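Below is one structure, written out as structure tokens; comments come after it.
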Amino acid sequence: MRVYKSLKGLKDIYPNIIVALGNFDGIHLGHQRLIGEAVAVARRTNGTAAVLTFEPHPLMVLKPEMAPAMLLDQESKQRIMAELGVDILILLPFTQELAHLSPEEFLKEILVKEMNVRGIVVGYNYSFGYKGSGTSEDLRSYALEYGYSLSVIPPVKVGEQVVSSTLIRNKLAEGDVIAAKRYLGYYPFTEGIVVTGDRRGGNALGFPTANIDCPDGMMVPAKGVYSVHVELDGETYLGVANVGTKPTFHGNNPRTNIEVHLLDFCGDIYGKKIKVQYIRKLRDEKKFNSVHDLINQIQADVLSARFDHPE
Ligand SMILES: Cc1cc2nc3c(=O)[nH]c(=O)nc-3n(C[C@H](O)[C@H](O)[C@H](O)COP(=O)(O)O)c2cc1C
Ligand SMILES: Nc1ncnc2c1ncn2[C@@H]1O[C@H](COP(=O)(O)OP(=O)(O)O)[C@@H](O)[C@H]1O
């Protein structure tokens, strides 16, 4: 998959672009269906499967205080899109100027003039252009004139629930990682570099923990203890993770920390990149009266986590 940050020259390199439009935070089951449709149309028509998305998230530019925590970092997002078969990803810088294009201008200037799209795929509730006033009906009304096909993907449901990024954020905020996985189609995860912590885990507790540095603005599940799968150097380990503030030691320290103890592993992994996939919430984080009680509880957590083998 090739990544572009500008539209310049694209239509000359790719004369038959089928584009999926949207923000796709999380690339959940609904997004996967939508992007899958663009890929299918492109394969059928000998075209190029493209995703056009904005960077940063439009709300970061328009109303930063309203911008949600992101479900996926940019690198993971690109990896999943490539796995879905996307040929080109266009990360269009979202500017005030772009935000002020009317729906008609966005369609004519960007999709037709710059990209000469042959196919457009959007979700049932897609909106675009100034203040999001354009809808899929507007795209439909110009399809014949500009010669593109239009697919509008109906809501994807799991049971009675319509899958959405907001629903998934709410589930993660409740610590319900099992529900989040049901809607994402994969285990929610945090990826980051192992940094030094308070150097207490291995020495005082007998449970060394890899502390991960999580980029700001990323969604993290509710505070608590989780069984996890950890990817490190191409291997997958079972682990127990604590998402929280370590109240036994830190009093009212507000900064949420993610740390994981890998089962059946020993080694120095400072500076390494690890991916922590949340499998199941085991319990809430709590303040223990003694280090001894905390150690006993972590031992019990490890026993519970042993039930959650990696596939
Ligand atoms: C499985 C697991 C569960 C934990 N549960 C709690 C908890 O309930 N309360 C708490 O204060 N700290 C908890 N901790 C965090 C420990 O206090 C922490 O690992 C220890 O302070 C070491 O921190 P360090 O890695 O910065 O040295 C937990 C850690 C793990 C690995
Ligand atoms: N089983 C393990 N799980 C996690 N980290 C481990 C494990 N074995 C060794 N380590 C190493 O030990 C470090 C954690 O030790 P710890 O005493 O908790 O110190 P820190 O406070 O710096 O995290 C990890 O960052 C990692 O390099």
Side-chain angles (χ1 to χ4, degrees), residues 69 73 75-76 171-181 186-216 218-311:
D73 60 280
E75 195 184 324
S76 304
K171 292 298 172 193
L172 288 173
E174 291 165 11
D176 192 349
V177 293
I178 293 178
K181 192 230 170 189
Y186 57 85
Y187 290 114
F189 64 86
T190 303
E191 215 164 7
I193 303 291
V194 177
V195 294
T196 31
D198 303 326
R199 301 269 180 171
R200 188 188 303 120
N203 297 331
L205 302 182
F207 289 99
T209 54
N211 290 250
I212 58 178
D213 193 21
C214 174
D216 285 341
M218 296 300 299
M219 185 79 205
V220 167
K223 281 192 230 174
V225 177
Y226 295 83
S227 67
V228 296
H229 294 171
V230 182
E231 281 180 22
L232 161 70
D233 289 340
E235 300 279 340
T236 304
Y237 300 86
L238 204 54
V240 275
N242 186 50
V243 177
T245 55
K246 314 176 194 186
T248 307
F249 301 99
H250 287 288
N252 294 326
N253 184 346
R255 187 160 160 77
T256 297
N257 178 73
I258 303 170
E259 54 174 333
V260 53
H261 171 71
L262 279 63
L263 275 51
D264 312 312
F265 173 83
C266 186
D268 181 347
I269 54 172
Y270 288 121
K272 294 231 178 200
K273 189 173 191 179
I274 61 173
K275 176 174 173 181
V276 178
Q277 297 174 301
Y278 304 94
I279 309 302
R280 179 165 67 102
K281 185 171 173 199
L282 300 174
R283 64 175 174 89
D284 288 336
E285 185 188 41
K286 60 183 242 198
K287 184 172 165 61
F288 288 90
N289 291 326
S290 72
V291 172
H292 179 75
D293 291 349
L294 171 61
I295 293 171
N296 280 342
Q297 179 58 59
I298 295 178
Q299 273 163 354
D301 297 335
V302 168
L303 285 181
S304 308
R306 291 223 180 260
F307 287 99
D308 299 322
H309 310 280
E311 291 88 52

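Predicted model, so just to flag it, every value in this text is computed and none were measured. Numbering of ligands and ligand atoms starts at 1, following listing order.
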Looking only at protein heavy atoms, identify the closest one to atom 21 (O) of ligand 1 and say how far it is in Å. Arg200 NH1, 2.5 Å

In terms of atom number and element, which parts of ligand 2 are under 4.0 angstrom from non-hydrogen atoms of Asp268? 27 (O)

Polar-atom distance check: Thr209 versus ligand 2, any N or O pair below 3.5 Å? yes

Under a 4.0 Å threshold between the charged nitrogen and the carboxylate oxygen, would Arg306 count as salt-bridged to Asp264? yes

For the 3.5 Å polar cut-off, considering only N or O atoms, please tell me whether Thr196 and ligand 2 meet it. no

How many angstroms lie between atom CD1 of Ile295 and atom CZ of Phe207, to the nearest 0.5 angstrom? 7.5 Å

Please confirm whether the backbone N or O of Asn211 pairs with a side-chain atom of Asp213, one donor and one acceptor, at under 3.5 Å? no

Quick note on ligand 1: atoms under 4.0 Å from a heavy atom of Leu294 include exactly 5 (N), 6 (C), 7 (C), 13 (C), 17 (O)

Side chain to side chain contact (heavy atoms under 4.5 Å, CB included) partner of Ser227, the single match among Leu238, Ile279, Val177, Leu263: Ile279

Which of the numbered atoms in ligand 1 are below 4.0 angstrom from a heavy atom of Lys286? 7 (C), 8 (O), 9 (N), 10 (C), 11 (O)

Can you tell me which residue and heavy atom of the protein come closest to atom 27 (O) of ligand 2, and the distance to 0.1 Å? Ile269 N, 2.7 Å

Closest to atom 28 (C) of ligand 1 (judged by heavy-atom distance), picking from Asn257, Leu282, Asn242: Asn242

Please identify which atoms of ligand 1 are closer than 4.0 Å to at least one heavy atom of Phe249. 17 (O), 21 (O)

Best match, Leu262, Val240, Val260: closest heavy atom to atom 2 (C) of ligand 2: Leu262

Pairs of nitrogen or oxygen atoms closer than 3.5 Å, one from Asp284 and one from ligand 1: do any exist? no

CZ on Phe249 to NZ on Lys287, rounded to 0.5 Å: 9.5 Å

Just jot down the ligand 1 atoms closer than 4.0 angstrom to any heavy atom of Thr248, in number order. 9 (N), 10 (C), 11 (O)

Side chain or backbone, does Val194 bring an N or O within less than 3.5 Å of an N or O on ligand 2? no

Which bit of Asp301 is near ligand 1, meaning a heavy atom under 4.0 Å away: side chain, backbone, both or neither? side chain

Ligand 2 N/O within reach of Val195 N/O, cut-off under 3.5 Å: no

Val240 to ligand 1: N or O pair under 3.5 Å? no

Once you round to the nearest 0.5 Å, how far does CD of Glu285 lie from NZ of Lys246? 9.5 Å

Under 4.0 Å from one or more heavy atoms of Asn211, ligand 2 contributes atoms 20 (P), 23 (O)

Atom 21 (O) of ligand 2: the protein heavy-atom neighbour that sits closest, reported with distance to 0.1 Å: Arg199 N, 2.6 Å

Hey, which atoms in ligand 1 end up nearer than 4.0 Å to a heavy atom of Asp198? 24 (P), 26 (O), 27 (O)

Looking only at distances, can you tell me whether any N or O atom of Lys287, backbone or side chain, sits closer than 3.5 Å to an N or O atom of ligand 1? no

Hey, could you give me the CZ/OH distance between Arg280 and Tyr187, rounded to the nearest 0.5 Å? 10.5 Å

Of Pro208, Gly267, Gly206, Gly239, the one whose closest heavy atom lies nearest atom 11 (C) of ligand 2 is Gly267

Which of the atoms of ligand 1 are close to Gly197, meaning less than 4.0 Å from one of its heavy atoms? 26 (O)

For atom 16 (P) of ligand 2, what is the closest protein heavy atom, and at what distance to 0.1 Å? Gly202 N, 3.6 Å

Candidate list Asp73, Ile212, Ile274, test side chain to side chain contact (heavy atoms under 4.5 Å, CB included), partner Thr190, passing option: Ile212

Test of proximity, Arg199 against ligand 1: N or O pairs below 3.5 Å: yes

Separation between CD1 (Ile269) and CD1 (Ile193), nearest 0.5 Å, reads 11.0 Å

Taking only heavy atoms of Asp198, which atoms of ligand 2 are found under 4.0 Å from at least one of them? 21 (O)

Ligand 1 and Glu285, any nitrogen or oxygen pair closer than 3.5 angstrom? no

For the residue pair Gln297 / Asp301, report whether a side-chain donor-acceptor contact shorter than 3.5 Å exists. yes

For atom 5 (N) of ligand 2, grab the closest protein heavy atom and report residue, atom and distance to one decimal in Å. Ala210 N, 3.7 Å

What protein heavy atom lies closest to atom 22 (C) of ligand 1? Include the residue and the distance to one decimal. Gly201 N, 3.4 Å

Heavy-atom proximity to atom 19 (O) of ligand 1 ranks first, among Gln299, Glu259, His261, Gln297, for Glu259

What residue and heavy atom of the protein are closest to atom 23 (O) of ligand 1, and at what distance? Lys246 NZ, 3.2 Å

Could an N or O of ligand 2 be found under 3.5 Å from any N or O of Leu263, whether backbone or side chain? no

Say whether His250 and Asn257, considering side chains only, have a donor N or O and an acceptor N or O under 3.5 Å apart. no

Is a side-chain donor or acceptor of Asp268 paired with a backbone partner of Tyr270 at a separation under 3.5 angstrom? yes

Check whether His229 reaches the backbone of Asp308 with its side chain - one donor and one acceptor, N or O, closer than 3.5 Å. yes

Flag Cys266 as yes when one of its N or O atoms lies below 3.5 Å from any N or O atom of ligand 2, and as no otherwise. no

For atom 25 (O) of ligand 2, the protein heavy atom that lies nearest, with its residue and separation: Tyr270 CE2, 3.2 Å

Which protein heavy atom lies closest to atom 20 (C) of ligand 1, and at what distance to 0.1 Å? Leu205 CD1, 3.4 Å

Examine the proximity of ligand 1 to Arg283 and report which part, side chain or backbone, both or neither, has a heavy atom under 4.0 Å away. side chain

So, is Phe207 polar-close to ligand 2, with some N/O to N/O distance under 3.5 Å? no

For Val302, which part has a heavy atom under 4.0 Å from ligand 1: side chain, backbone, both, or neither? neither

Side chain or backbone of Phe207 under 4.0 Å from ligand 1, or both, or neither, by non-hydrogen atoms? neither

Atom pair CD1 (Ile178) and OH (Tyr278), whose distance is rounded to the nearest 0.5 Å: 15.0 Å

Answer side chain, backbone, both or neither: which part of Val260 comes under 4.0 Å from ligand 1, heavy atoms only. neither

Does the pair Glu259/Arg200 count as a salt bridge with the N-to-O cut at 4.0 Å? no

Closest non-hydrogen protein atom to atom 2 (C) of ligand 1, residue and atom name please, with distance? Ile298 CG1, 3.9 Å

Students should be able to answer this: which protein heavy-atom is nearest to atom 31 (C) of ligand 1, and at what distance? Thr209 CG2, 3.5 Å

